[in-house]
Amino acid sequence: MGYQAQKVTIVGGGLVGALNACFLSKRGFDVHIHELRPDIRKQELVRGRSINLTLSTRGLEALKAVGLDEEMKQSGIPLHSRMIHDLDGTRRPISYGTKDQCIMSVDRKYLNGLLLTAAERNPSVNIHFEHKFVSCDFQAGTSIFKKPDGSKVTAKSDLIIGCDGAYSSVRHQIMKATRMDFQQAYIPHGYIELRIPPTADNKFAMEVNYLHIWPRNEFMMIALPNVQDNSFVLTLFMPFEIFEAKKTREQVLEFFNKTFPDSIELIGREEIVNTFLSLKPLPLVTVKCQPYHVGDNCVIMGDAAHAMVPFYGQGMNCGFEDCLVFDQFMGKFDNDFAKVLPEYSEYRNPDAKAMCELALYNYTEMRESVNSKFFLARKHFDNFLHWLMPSTWVPLYTSVSFSQMRYHKCIHNRAWQDKILTIVISGAGIACGAIMFARGFDYVQPHFNAALEQVSRMEWVGELFSKWK
Ligand SMILES: Cc1cc2nc3c(=O)[nH]c(=O)nc-3n(C[C@H](O)[C@H](O)[C@H](O)COP(=O)(O)OP(=O)(O)OC[C@H]3O[C@@H](n4cnc5c(N)ncnc54)[C@H](O)[C@@H]3O)c2cc1C
Ligand SMILES: COc1ccc2c(c1)CN(c1nc(C(=O)N(C)c3cc(Cl)c(F)cc3C(=O)O)c(Cl)s1)C2
C-alpha cells in the first residue's frame, strides 16, 4: 500500500481552525475541517461576534508563514494612530509608533472566507459545513458529528484539534478525560455594535487610518474602518445594567447626547435607537485552562484554549500565534504528536494566560483611570520615553501589539514600568503636597490641571517622535 498521509480532524472552521488547516496541509496531512455553521462565504452578516478586528504583528507573522500576509494586507486598512474623541468634541491623534508600526483593521467575515479558500486550495483539505461536533473517543481516535437532519457522522483521525471557540465542546471532552484545570469569568460589561455609514458621495465619514476611541471611564466606544463598504463599525462597551436601563428612544438619545455627542450625526438617530432597542448586548468572557491536550491525539487552540476580553485586540492574534508556535514544535519534533502536544501545551500555556490577564488588566485600567486626559497623558508619556530609550522603555502596548515578545515577558516589562511610573507620579504628588502645604490647595489645583492638560496635549512629542524615528 502507498504512503497513507496521517489524518487530522479540525473542529471549527473559524479564524483559527481555518488558519490551522493551512499550516497542517502544508505539512502534507490529510485535513478535515468540521464546521458547525453553513459556509460563511455564502452568508450575509454573521451576528454574534465582532464584525471588524485588528490584526497586529503576531497575527501577521502567522499569516506570513503560510504566504497569506500580502493578500490580507490588500483587504485591510492600516491604522497608524488612535483618534481620541473628547466629550467636548475635541479629537486628538496619538501615533502607535514609527511609520511602519501600524495595525490593520480587517473584516472578520472576509478574513475567515480568505482563510477557508486558501486552505481549500490544497486538495488534501476537506471542509464539512453544518457538522456539529458532539463527542469523541480518544482511545479509538474517532469524533462524532451531527448533521442538520439529525444523522451522525464518525470521523477517524490521528489528531483532533479543537478550534471551536470560547464555549468549546472539544475542551469539554478533554475535561472528562484528563485532570484539566478550568476557569471561566464574565465581566459586567457587554457590547453592541453600531455602524457609521459612508457619506453621500461614498467616502468614509471620519479620518480613515485611525482607531477611533471615546474613552468615558465606565463606558467606552471604539470605531474601526471597514474597507468593504467605506463604513465604520463601532463597538460600544457598557455595563449590562446600563444597557437594560435604556428602554425608550428618549433615554437612548439622552444618553448619547451626554456621553458621545459627536457620534450622533455620524451614526444617525434612527440607527442608534433601532440598534439599541433591538439588539441584546453580548457578553465578554475570559477562559483559562490547563493543559491544552490529552494523550497524543487531541489538542485545543484559539478561544477554545484561551478566550479573552478584547481590550487589547489580541484574541485572534493570539490564536493565530498558537498555530505558528504549534507548527514550530511540529518542525522541531518531526510531526511526532506524542512529543509535540505536551511540549506545545507546556510552552504556550503561560503566554496565553498572561494575555488573558493583560486584557483584563487593561479593561480595568481603561474603565477606572482612563478618560481622555489620562489616556492621552499615558500614551504620550509612553511614546516619549520609548523615543528617548527605545530598547529600555518599550510601552506595554508596543510589546503586545508590535512585537513577538512572549506574552508572559510583556507582563514582566509592565511590572517594572508601573513601578517607575508610580515613583514619577508619587514624586509629583509629594511636590504638589509640599507646594499645597506652603501655598494652599487653591494655588496648586489650577496648576495641576494645567500641567495635566499640557501632558495630555503632548502632540508636539508625538510629532517629534514620529519625525525622528
Ligand atoms: C467585541 C470583540 C472584539 C474583538 N476584537 C478583536 C481584535 O480587534 N483583534 C483580535 O485579534 N481579536 C479580537 N477579538 C477576539 C476574536 O474574535 C477571537 O479571539 C477569535 O474569533 C477566536 O477565533 P477562534 O477560531 O478560536 O474561535 P471562533 O472565531 O469563535 O470560531 C470557532 C468556530 O467553531 C465553530 N464551532 C463552535 N462549536 C462547534 C461545534 N460543536 N462543532 C463544530 N464547530 C463548532 C463556530 O461555528 C466557529 O466557526 C474580539 C472579540 C470580540 C468579542
Ligand atoms: C473590534 O473591537 C475591538 C475592541 C477593543 C479593541 C480592539 C477592537 C482593538 N484594540 C486594540 N487595543 C490596542 C492596545 O494595545 N491598547 C492598549 C488599546 C486598548 C483599547 Cl481598549 C483601546 F481602546 C485602544 C488601545 C490602543 O492602544 O489603541 C491596540 Cl494596539 S488595538 C482594542
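Order of listing sets the numbers, starting from 1, for every ligand and every atom in it. All values below come from the heavy atoms of this structure, side chains included, with hydrogens, waters and symmetry mates left out. Computed from a predicted model, the values in this text were never measured in an experiment.
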Exercise for the section: Examine distances only and state if a side-chain atom of Asp164 and a backbone atom of Val170 form a donor-acceptor pair shorter than 3.5 Å. Expected result: yes

Practice task
Mind checking side-chain contact (heavy atoms from CB on, under 4.5 Å) for Pro310 and listing every partner two or more places apart, or none if nothing turns up?
Solution key: Phe237, Leu284

Completion exercise
Under 4.0 Å from one or more heavy atoms of Gly313, ligand 2 contributes atoms 9 (C), 10 (N), 11 (C), 32 (C)

Problem - Enclosure of Lys288 NZ (heavy-atom neighbours >12, cutoff 6.0 Å) - result: yes

Handout entry: Centroid-centroid under 6.0 Å between Tyr292 and Phe329 rings
Key = no

Problem - Atoms of ligand 1, numbered as shown, that sit under 4.0 Å from any heavy atom of Asp303 - result: 18 (C), 19 (O), 22 (C), 26 (O)

Problem - Short N or O distance, Asn52 and ligand 1, threshold 3.5 Å exclusive - result: no

Problem - Lys/Arg-Asp/Glu bridge criterion (N-O < 4.0 Å) met for Arg195, Asp229 - result: yes

Exercise for the section: With heavy atoms of Gly12 as the reference, note each atom of ligand 1 found under 4.0 Å away. Expected result: 34 (O), 35 (C), 44 (N)

Exercise for the section: Could you check whether the rings of His131 and Phe145 sit parallel, tilted or perpendicular, using 30° and 60° as the cut-offs? Expected result: tilted

Exercise for the section: Go through ligand 2 atom by atom and flag the ones less than 4.0 Å from a non-hydrogen atom of Asn52. Expected result: 1 (C)

Problem - Which segment of Ala307 sits under 4.0 Å of ligand 1 when only heavy atoms are counted - result: neither

Exercise for the section: Using a strict cut-off of less than 4.0 Å between a Lys/Arg side-chain nitrogen and an Asp/Glu carboxylate oxygen, indicate whether Glu193 and Arg108 qualify as a salt bridge. Expected result: no

Fill in the blank from the handout: The atoms of ligand 2 lying under 4.0 Å from a heavy atom of Ile222, numbered in the order shown, are 2 (O), 3 (C), 4 (C), 5 (C), 6 (C), 7 (C), 8 (C), 23 (F)

Problem - Gly13-ligand 1 polar pair, N/O distance under 3.5 Å - result: no

Exercise for the section: Could you tell me whether Tyr363 approaches ligand 2 through its side chain, its backbone, both or neither, with non-hydrogen atoms closer than 4.0 Å? Expected result: neither

Practice task
For Glu321 and Glu61, run side-chain contact (heavy atoms from CB on, under 4.5 Å): C-alpha distance rounded to whole Å, both residues' side-chain angles, the deciding distance at 0.1 Å, then the answer.
Solution key: CA-CA 8 Å; Glu321 193 175 60; Glu61 286 304 314; over 6 Å; no

Problem - Location of contacts on Tyr191 toward ligand 1, heavy atoms closer than 4.0 Å - result: side chain

Practice task
Determine whether any heavy atom of Ser169 lies closer than 4.0 Å to an atom of ligand 1.
Solution key: yes

Exercise for the section: Evaluate whether atom NZ of Lys7 has more than 12 neighbouring non-hydrogen atoms of other residues, nucleotides or ligands under 6.0 angstrom away. Expected result: yes

Exercise for the section: State whether the shortest distance between N or O atoms of Val11 and N or O atoms of ligand 1 falls below 3.5 angstrom. Expected result: no

Exercise for the section: Could you establish whether Thr54 and ligand 2 come within less than 4.0 Å of each other, counting only heavy atoms on the residue side? Expected result: yes

Problem - Proximal atoms of ligand 1 relative to Phe133 (non-hydrogen, under 4.0 Å) - result: 40 (C), 41 (N), 42 (N), 43 (C)

Handout entry: Numbering as shown, the atoms of ligand 1 that approach Gly315 to under 4.0 Å (heavy-atom distance)
Key = 10 (C), 11 (O), 12 (N), 15 (C), 19 (O)

Exercise for the section: Answer yes or no: are there more than 12 heavy-atom neighbours, outside His80 itself, under 6.0 Å from its atom NE2? Expected result: yes

Exercise for the section: Could you tell me whether Phe276 and Phe243 have their ring centroids closer than 6.0 angstrom? Expected result: yes

Exercise for the section: Would you check if the side chain of Asp351 reaches a backbone N or O of His408 as a donor-acceptor pair within less than 3.5 Å? Expected result: yes

Practice task
Determine, using ring centers only, whether Phe232 and His212 are less than 6.0 Å apart.
Solution key: yes

Exercise for the section: Give the contacting part of Leu396 toward ligand 2: side chain, backbone, both or neither, where contact means a heavy-atom distance below 4.0 Å. Expected result: neither

Exercise for the section: Compute the shortest N/O to N/O distance between Gly302 and ligand 1 and return yes if it is under 3.5 Å, no if not. Expected result: no

Handout entry: Sub-4.0 Å heavy-atom approach of Met220 to ligand 2
Key = yes

Problem - Test: Lys147 and Asp149 ion pair at under 4.0 Å - result: no

Problem - Contact check: Val16 vs ligand 1, nitrogen or oxygen atoms, below 3.5 angstrom - result: yes

Problem - Quiz item: cation-pi between Arg406 and Tyr347, 6.0 Å / 45° - result: yes

Fill in the blank from the handout: Ser231 and Phe204 have their tightest heavy-atom pair at O-CE2, 3.3 Å

Practice task
Is it possible for you to check whether Arg58 lies under 6.0 Å from the centre of the six-membered ring of Tyr407, through NZ or CZ, and within 45° of that ring's axis?
Solution key: yes

Exercise for the section: Check each heavy atom of Leu224 against ligand 2 and say whether those closer than 4.0 Å belong to the side chain, the backbone, both or neither. Expected result: side chain

Exercise for the section: Look at ligand 1 and say whether Arg108 reaches it with a heavy atom at a distance under 4.0 Å. Expected result: yes

Exercise for the section: With heavy atoms under 4.0 Å as the rule, classify the contact between Phe237 and ligand 2 as side chain, backbone, both or neither. Expected result: side chain

Exercise for the section: Using a strict cut-off of 4.0 Å, indicate which atoms of ligand 1 neighbour a heavy atom of Cys163. Expected result: 32 (C), 33 (C), 34 (O)

Practice task
Could you list the atoms of ligand 1 found under 4.0 angstrom from a heavy atom of Gly165?
Solution key: 27 (O), 30 (O), 32 (C)

Problem - Proximal candidate to atom 8 (O) of ligand 1 [heavy atom criterion; set Leu111, Leu211, Thr54, Leu36] - result: Thr54

Exercise for the section: Return yes when His131 approaches ligand 1 closer than 4.0 angstrom through a heavy atom, no otherwise. Expected result: yes

Problem - Atom indices of ligand 1 within 4.0 angstrom of Arg37 heavy atoms, with elements - result: 47 (O)

Problem - Test of proximity, Tyr96 against ligand 2: N or O pairs below 3.5 Å - result: yes

Handout entry: Enumerated ligand 1 atoms positioned under 4.0 Å from heavy atoms of Asn317
Key = 10 (C), 11 (O)

Handout entry: Side chain, backbone, both or neither: the part of Ile103 lying under 4.0 Å from ligand 2 by heavy atom
Key = side chain

